[in-house]
Amino acid sequence: MPAAGALYRRALLGALPGLGGRRSDTVPEVELTVAGVTVDRAHLADYDRVCGFRLADRLPATYPHVMGFPLALRLMTAPAFPIPLTGVVHVANRITVHRPIEAGETLDFRTYAENLRPHDRGRQLDVVLVGSVDGAEVWRGVSTYLGKERRSGGGERRDRGERPAPPAATAHWRVTPRVGTDYARVSGDHNPIHTSRLGARLFGFPRPIAHGMWSKARCLAALESRLPEGYTADVAFKLPVPLPSTVAFSATPAWDFALHDRAGRPHLTGTIR
């Protein structure tokens, strides 16, 4: 796997005036692959603790995302990638688990980007990460990223209609500042908006915010005992979760779930199908 630290340095250099160059208007026709990726059980246990999963040899649905993240990061920091990594917003994530994956299995990963499209705040695209065992796909993750740009007209727009009343909370979680640093450690995603007050302020946040994939993982951990062998967990990231804060988790028998703030505004909405 690529070293994440060097890739973040490349992204920061690319953000400097005169060094980033003009971004492409097309998705790069490239697919990156890494074969023979094994699970570090100590790291898996650390991830389970940070996200609230039971300690087990079966991988949580969100763990392959962490395993393959450096490969996706390598793709996203390439000069031909149409959206700069600095300031990118993770707006949605869909994970399909075809079957349970055990910690003793060896995975092959491949990643590519697709579906570059306009948005009322810029452009967005999908980064696809696929995990396979012995040539058979066992896991697929699709992350949708938004690159903010000053644009006028066209593209997908956010729903600005009246917000429905939030569902009754199943639980309330206190999200401490350590969530940002602990998840950065186990995920390899060291974006400073999650770990540094100064870094967060540079990107327009008054204080650090939780990683979206931590929020998704924490929700799936709350449902862990009821999840089927194979499923798709689809989430949309709404308002950031500031650190610290208290969030309300809700889930319905129809497999819809969400996180809301104290005012009833959604941080995350999701479904399991």
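Keep in mind it's a predicted model, so treat the numbers as computed, not measured. Excluded from the calculations below are hydrogen atoms, water molecules and symmetry mates; all remaining heavy atoms, backbone and side chain alike, are included.
Every residue was checked against the salt bridge (charged side-chain N to carboxylate O under 4.0 Å, His left out) condition with R94, not counting sequence neighbours, and none meets it. Under the ring pair (Phe, Tyr, Trp, His ring centres under 6.0 Å) criterion, Y47 pairs with Y63, sequence neighbours left out. Listed by chain and residue number, M1, V34, M67, F109 satisfy the side chain to side chain contact (heavy atoms under 4.5 Å, CB included) test with V37 (two or more places apart in sequence, or in another chain). R49 is linked by a side chain to side chain donor-acceptor pair (under 3.5 Å) to nothing, counting only residues two or more places apart in sequence or in another chain. For the salt bridge (charged side-chain N to carboxylate O under 4.0 Å, His left out) test, no residue two or more places apart in sequence or in another chain qualifies with E114. With sequence neighbours excluded, the residues that form a ring pair (Phe, Tyr, Trp, His ring centres under 6.0 Å) with H90 are Y145, F237.
A heavy-atom distance below 4.5 Å is not found between the side chains of S245 and R262. Counting heavy atoms from C-beta outward, I209 and H267 have side chains that stay 4.5 Å or more apart. In this structure, the side chains of R123 and P82 come closer than 4.5 Å at one or more pairs of heavy atoms. Under the 4.5 Å side-chain criterion, counting only non-hydrogen atoms from C-beta, V127 is in contact with T111. Counting only heavy atoms from C-beta outward, the side chains of V179 and P244 never approach each other to under 4.5 Å. You'll find the side chain of V66 stays beyond 4.5 Å of the side chain of V186, heavy atoms only. Side-chain contact between L198 and P192 is absent, with no heavy-atom pair separated by less than 4.5 Å. Residues L85 and L73 are in side-chain contact: their nearest non-hydrogen atoms beyond the backbone lie under 4.5 Å apart.
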Evaluation steps, side-chain contact (heavy atoms from CB on, under 4.5 Å), between F249 and V247: CA-CA 6 Å; F249 170 72; V247 297; over 6 Å; no
- request: Would you sort out whether D57 and R41 count as a side-chain contact (heavy atoms from CB on, under 4.5 Å), showing the intermediate values?
  value: CA-CA 8 Å; D57 273 350; R41 282 182 166 84; 3.4 Å; yes
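For the atom pair CG of L220 and OG1 of T62, the computed distance is 6.0 Å after rounding to the nearest 0.5 Å. In this structure, OG1 in T77 is found 8.0 Å from CG in L75, a value given to the nearest 0.5 Å. If you take CG on L44 and CG on L59, they are separated by 6.0 Å, rounding to the nearest 0.5 Å. Atom CD1 of I95 sits about 7.5 Å away from atom OG of S143, to the nearest 0.5 Å. To the nearest 0.5 angstrom, F203 atom CZ is 6.5 Å from N191 atom CG. Note that the CG atom of L116 and the CD atom of Q124 stand 9.5 Å from one another [nearest 0.5 Å].
In terms of hydrophobic clustering, with Ile, Leu, Val, Met, Phe, Trp and Tyr side chains grouped at heavy-atom distances under 4.5 Å, L239 and F205 are assigned to different clusters.
Of all heavy-atom pairs spanning H260 and P167, the tightest one is CE1-CD, 3.6 Å. When all heavy atoms of S132 and G135 are compared, the pair lying nearest together is CB-C, 4.4 Å. Residues I101 and P64 share a closest heavy-atom pair of CD1-CG, 4.2 Å.
For residues 213-237, the pairs satisfying side-chain hydrogen bond (donor to acceptor under 3.5 Å, both in side chains) are R58-E229, N93-K216, T96-T232, with sequence neighbours left out. Within the structure, side-chain hydrogen bond (donor to acceptor under 3.5 Å, both in side chains) pairs that include any residue of residues 193-211 do not occur (at least two apart or interchain). The side-chain hydrogen bond (donor to acceptor under 3.5 Å, both in side chains) pairs that include a residue from residues 167-183 are R174-T246, R178-D182, D182-R185, where partners are two or more places apart or lie in different chains.
Cluster partners of V89, by chain and number: V91, L146. The rule joins Ile, Leu, Val, Met, Phe, Trp and Tyr whenever side-chain heavy atoms lie under 4.5 Å apart. Hydrophobic clustering, defined by side-chain heavy atoms of Ile, Leu, Val, Met, Phe, Trp and Tyr closer than 4.5 Å, groups V128 together with Y112, V130, V142.
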Pairs under 3.5 angstrom only: tabulate donor-acceptor contacts from the side chains of residues 250-258 to other protein residues two or more places apart or in another chain.
| residue | atom | partner | partner atom | Å |
| --- | --- | --- | --- | --- |
| T252 | OG1 | A254 | N | 3.3 |
| T252 | OG1 | D256 | N | 3.2 |
| D256 | OD1 | R273 | NH2 | 3.0 |

